[in-house]
Structures are given as C-alpha cells and as structure tokens.
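Below is one structure; the comments refer to it alone.
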2 protein chains.
Amino acid sequence: MLERHILKLQARAPVLAEYEQALGELISETRDYAADQIVVPAYVEQVHSTLLLEGFMCRYKDLADGRRQITQVHVPGDFVDLHSFTLKYLDQDVMTLTPVKVALFPHEGLRQVTERYPALARIYWFNTNLDAAIHREWELSLGRRKARARIAMLLSELQVRLGIVGLGDDAGFDFPLTQVEIGECTGLTNVHVNRTVRELREAGVAELRRGRADILDKAALWREAEFDPRYLYLQKRER
Amino acid sequence: MLERHILKLQARAPVLAEYEQALGELISETRDYAADQIVVPAYVEQVHSTLLLEGFMCRYKDLADGRRQITQVHVPGDFVDLHSFTLKYLDQDVMTLTPVKVALFPHEGLRQVTERYPALARIYWFNTNLDAAIHREWELSLGRRKARARIAMLLSELQVRLGIVGLGDDAGFDFPLTQVEIGECTGLTNVHVNRTVRELREAGVAELRRGRADILDKAALWREAEFDPRYLYLQKRER
DNA sequence: CGCCCAATTGAAGACGCTCAAGGCTTGTGG
DNA sequence: CCACAAGCCTTGAGCGTCTTCAATTGGGCG
C-alpha cells in the first residue's frame, strides 16, 4: 500500500525495509473520498496525518471574494498534511481533485516511530523542507513568470514528481485538473489558461486534453519554464 | 546575543533556559556583512546555519533575465538557512538587505544538540513548518491579491514578526527595504509599488518613507490585506 | 557643492481579466 | 438508443491593472 510513498522517500534517501514495516503498522484506517471534498479543514485540530494513496489532491487558501490559490498539488505517495503533525492545525484547506484513496496515520503513532527511528524523523523533516522548496519555486512562478512559463513549470514539476512514483514517463502523464484548477495553481483565470494551453500546443511543446498531459517536446517545455529540477532534491544521500 | 531568537521561539512554545545555554555554546563565529551581499549562495554545500542577529536579510530566486522574486524577508532572531541543516544545499540565494550581524551554527553541533534535546528538534521542525506557512501566504498574495493588498499584507506580517522580537509596535517599525525590493517581494515593479504606496498613504492606512513604516490605521491595513495572523501560529503550546 | 541612489511622475502599451456566448463531451434517464 | 442536462472547453470583444520606458526630483553623504 505504501509503495509509492516509499518510492518518493527513496528518491532522496535510503529507506530501510524496517521503516516501511513500522509505517505500515501505524495506519489506523483507509478512506475513500469523492472529487471536490474537503478532507482536512483549515484551523481545526488534527490527530492524524493523511497519506494520499491514489488520485490527486491539493491544498489551497482563498480570499473573501472566493478567489482561490492552490498552494500545492499532491500526487500518490505524498503526505498531504504532514505539517499537521507539528503544527496541530493547518492554515489552509486540503481537498480532493479527483476521487481518492487515503491512509490515516495517527500523530501519536508517528511520534513513537520517529522517536524510535531518528533517521526517519530526519527524513520527514527533510520532506517538510522539500515542501517549502516547492512553495518557493511556485512563489517565483506566481511573482515573476509569464503565463506560458507558469503552466510549463507546473507541467514540468508534475512530470518529474509523477515519474518518481511510477505514474508518468517522458511521453506524459494522466493529469485530471480542469483549466479552472490549473488557473488556481498558476494565479491565472480559466480563460487565460485556455489561451495559453493553446499556445503551448501550437508551439509543439505540450498538449492537454481531458485528463491527460502529453509532453511533445520535453526540452522545449523545460526551456519555456526555465525548469531546474535541483529544487526537488533528487540526489539520493544520507539525511 | 540570542535574545531575539529566543523571543521568536517563545512566541510559539516554552523554551527552557537549558536550550538557550546549549545553543549559545554552539556558535562557532559571528560575522558582519555590508548591505547587498550574498551570504549563502544557492547550490553550494553548507556546513553551518546562519542566525540573523541584527539587520534585515532575504532569500530569493531569479530568472534568466534577472527578474528576481524574494521568497522570504528575515528579521533579527530568524535562522536564515535552517533548511541547509537538512537539505545540505539551498535552492535559492540568501543575501543581506542592510548591514547585518550574524552568528554561525555548525551543522554538526546542531545535530548533537537536537539529539540531546528532542524537544528542541521538534521546535526547529516546527520552525521549518512556520517558514512554509509564510511561503503559502505569500503564494496567495502573489497569485490572487491585488497590488494594494499585497503591500498591506507584507506590512502586516512584518509588523507582527518584528513586534515579537521587540523591534516594532502598533505605531510602526523600522523598514529599510527600497521600493525595488518591496516590488521583488510582492511581484510588482518599483513604479507600481510607488503608486500603490502613495494610495495607501492617501487613504490614511500606512506611510512608508526612508527606512520607516508608520502604520496609521492598523485595522484598515489588516482589512486591506485580509490579514489573518493565524498562519503565524502565535499561540504558545507544547510542541 | 556635487554625486549617487532612491523616489516620483508621465505616457504609452501589453498582458491578463471580465463578461458573454457557443460548442463539445460525458453521463443519465426515458 | 436517443434526448437532454451539466460541466468543461473554447472563442470574441472590450477593458483594467500593471509594465515599460523615460525623465525629473529629492535626500544623504563624501
């Protein structure tokens, strides 16, 4: 059940079989949710963290007028709210983008296992930092990249992150976000997303249709985005 | 020397006198830098983390054409690159905005002290999460807030963060960023920052001049920004 | 006094937004 | 099996926020 999570961790550090077993035993429950459901509401105390097993989820913040900013997209293998282990409540909502399957990890169990295996605690601390690094790259996109580059960036990042967990390759990946949601990730309106997606298609860079992203020219995509994957910290090393 | 750092930590969790002493003993060196100097270059392996004692610093990423996005502003008491302890190298540059004084903490010493005091490790893990929470609020600003709200947000956040470490009050705070730098925080050009700052002044909300931010109407400033300080996690509790 | 950097202002233009309408796909029910 | 509804995608037109380019003003410091 944890294969994808372990793949994600292993992309950055060695993971002992022991950890995988200990983690598996922590799971208190698995749940299924439909699309567009809030799974972890903001400002509510949490007693467990949620690992995404299948499907797509996101975290977002919004303004009074309802305009929404997605701050992170989650793929299978990600903890969607590991930070609730440390922060207790979240400063944002976590919702599903597609139907999903998740596993719940009680914080008390996480506390025990991270005390028993300090190396695992370091791995999760590292993951918190990785999360922040992705936020920073998004800040750069939102603040300084133009529309084409923002969308190219999003596609580049997701291609790499999905590839790690076996859900994508150089040709592309399943990508169920609507154009409204892509706009909520990139700080654009759906109308402008639509026009920009068309530009990328007409330039032979990438093609988006109904739940699928085809990467036609990965080098061009990376160039368009000025994508430098070092912020994803993919070299495996001791942490 | 660590008073401001301890004030920052104490705003979120109890800090034992023991920790303060142990931390103080870790400092290998203090250094002074002039303004506009890179202190921690991106993608270079680090063996210590840097605590800001006096002055302002920032972290930023930039694009090929030189346009820069500041991803975080640091005030005295902040670790500017605590994440290098876990990540080893940074995905961004860290520079000074004013002349500063910093203290260096060797990673080896941090490793020892966090192993000796697991509660301190949790406090720093928490701080990593706080850092990410601030990044998320900035993502919301950059993606969805209008120019006035972005600048109001920046001022609101800094007023709170500086207040915690005794460097500001309800009337305002010393704020040495140039309008170019404010633009680099908020994803705007210096020209538009200038016009927006004028609007805030004419609306009687806040006044910026030569190194000082006067908050004329804090309630109006918070309203303008839709500022909700919960993302700064200021309730003190066990971590 | 004069230099330098930051702040300020004006004018024109671009990128992305808003509003509005129409088209396509998918699923559902008769 | 077809009709229809719902949701998403697509396109057009006009507009607004913010940018770009350029020039001027103001303040601090040697």
Side-chain angles (χ1 to χ4, degrees), chain A residues 34-37 56 63 65-70 96-99 141-154 174-203 206-214 224, chain B residues 34-37 56 63 65-70 96-99 141-154 174-203 206-214 224:
Chain A
D36 299 315
Q37 303 298 307
F56 282 73
L63 296 175
D65 65 3
R67 295 186 316 141
R68 177 190 307 202
Q69 179 61 43
I70 292 178
T96 59
L97 292 169
T98 65
S141 267
L142 292 165
R144 294 302 190 202
R145 282 188 175 90
K146 300 215 181 287
R148 275 176 72 147
R150 290 189 204 180
I151 290 176
M153 184 70 214
L154 180 66
D174 288 336
F175 186 60
L177 301 220
T178 65
Q179 293 186 353
V180 170
E181 289 159 348
I182 295 173
E184 289 171 339
C185 291
T186 52
L188 303 168
T189 58
N190 60 334
V191 174
H192 202 61
V193 167
N194 184 280
R195 292 183 170 124
T196 308
V197 162
R198 181 175 56 182
E199 279 181 37
L200 287 172
R201 170 164 27 84
E202 286 170 357
E207 192 160 354
L208 291 182
R209 1 148 259 207
R210 304 234 124 251
R212 171 83 194 166
D214 287 312
E224 195 77 57
Chain B
D36 299 315
Q37 304 296 307
F56 282 72
L63 295 175
D65 65 3
R67 294 186 316 142
R68 179 189 305 199
Q69 180 62 45
I70 293 178
T96 59
L97 292 168
T98 64
S141 267
L142 293 165
R144 293 302 189 202
R145 281 188 176 89
K146 301 215 179 284
R148 276 175 72 148
R150 289 189 204 179
I151 291 176
M153 183 72 213
L154 180 66
D174 288 336
F175 185 60
L177 301 220
T178 65
Q179 294 186 351
V180 170
E181 289 158 349
I182 294 172
E184 289 170 341
C185 291
T186 52
L188 303 168
T189 58
N190 61 334
V191 175
H192 202 61
V193 167
N194 184 280
R195 293 181 171 128
T196 308
V197 161
R198 181 175 54 183
E199 279 181 36
L200 287 172
R201 171 164 26 85
E202 286 170 356
E207 192 159 354
L208 291 182
R209 2 147 261 210
R210 307 230 124 253
R212 170 85 194 165
D214 287 312
E224 195 77 59

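Here is the naming used below: chain letters follow the sequence lines, and residue numbers restart at 1 for every chain.
Closest-nucleotide positions on DNA chain C for B:Asn190 and B:Arg144 were compared, and the one nearer the 5' end corresponds to B:Asn190. When the nearest nucleotides of DNA chain D are assigned to B:Arg150 and A:Gln179 by heavy-atom distance, the more 5′-ward of the two goes with A:Gln179.
Distance A:Leu177 CG to D:dC8 P: 12 Å, rounded to the nearest Å. Per the geometry, CD1 belonging to A:Ile182 stands 12 Å off P belonging to D:dC8, to the nearest Å. At whole-Å resolution of the value, CZ in B:Arg148 and P in D:dT17 are 11 Å apart. The interatomic distance linking B:Lys146 (NZ) with D:dC15 (C1') rounds to 12 Å, in whole Å. Atoms CZ (A:Phe175) and P (D:dC8) sit 15 Å apart, rounded to a whole Å. Distance, A:Glu184 CD to D:dC8 P: 11 Å, rounded to whole Å.
Once rounded to the nearest 0.5 Å, the distance linking CZ of A:Arg67 with NZ of B:Lys146 reads 5.0 Å. The distance from the CZ atom of A:Arg148 to the CG atom of A:Leu200 is 5.5 Å, given to the nearest 0.5 Å. Rounded to the nearest 0.5 angstrom, B:Arg144 CZ and B:Arg150 CZ are separated by 10.5 Å. In this structure, the separation between CZ on B:Arg195 and CG on B:Asn190 is 10.0 Å, given to the nearest 0.5 Å.
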How does protein contact run along nucleotides 23-30 of chain D, one letter per nucleotide 5' to 3', with B for base contact, S for sugar-phosphate only, - for none, heavy atoms under 4.0 Å?
----SS--
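Heavy-atom contacts of chain A under 4.0 Å fall on DNA chain C between two terminal nucleotides, which in 5' to 3' order are C:dG16 to C:dT26.
Considering only residues two or more places apart in sequence or on other chains, B:Thr189 meets the side-chain contact (heavy atoms from CB on, under 4.5 Å) condition with B:Val191, B:His192. Not a single salt bridge (Lys or Arg N to Asp or Glu O under 4.0 Å) links B:Glu207 to another residue, sequence neighbours left out.
The two residues A:Thr96 and A:Ala35 come nearest to each other via the heavy atoms OG1-C, 3.3 Å. B:Met153 approaches B:Ser141 most closely through the heavy-atom pair CG-OG, 3.4 Å.
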Could you go through residues 175-188 of chain A and list every donor-acceptor pair under 3.5 Å that involves a side-chain atom there, pairing it with any protein atom two or more places apart or in another chain?
residue	atom	partner	partner atom	Å
A:Thr178	OG1	A:Val180	N	3.4
A:Thr178	OG1	A:Glu181	N	3.2
A:Thr178	OG1	A:Glu181	OE1	3.4
A:Gln179	OE1	A:Asn194	ND2	2.9
A:Glu181	OE1	A:Thr178	N	2.9
A:Thr186	OG1	A:Ile182	O	2.7

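For DNA chain C, the residues of residues 191-199 of chain B within the heavy-atom distance limit of 4.0 Å (strictly under) are B:Val191, B:Asn194, B:Arg195, B:Arg198, sorted by number.
Considering only heavy atoms from C-beta on, B:Arg209 comes within 4.5 Å of B:Asp214 through its side chain.
Nucleic acid contact for A:Gly187: sugar-phosphate only, since backbone atoms but no base atoms lie under 4.0 Å from a heavy atom of the residue.
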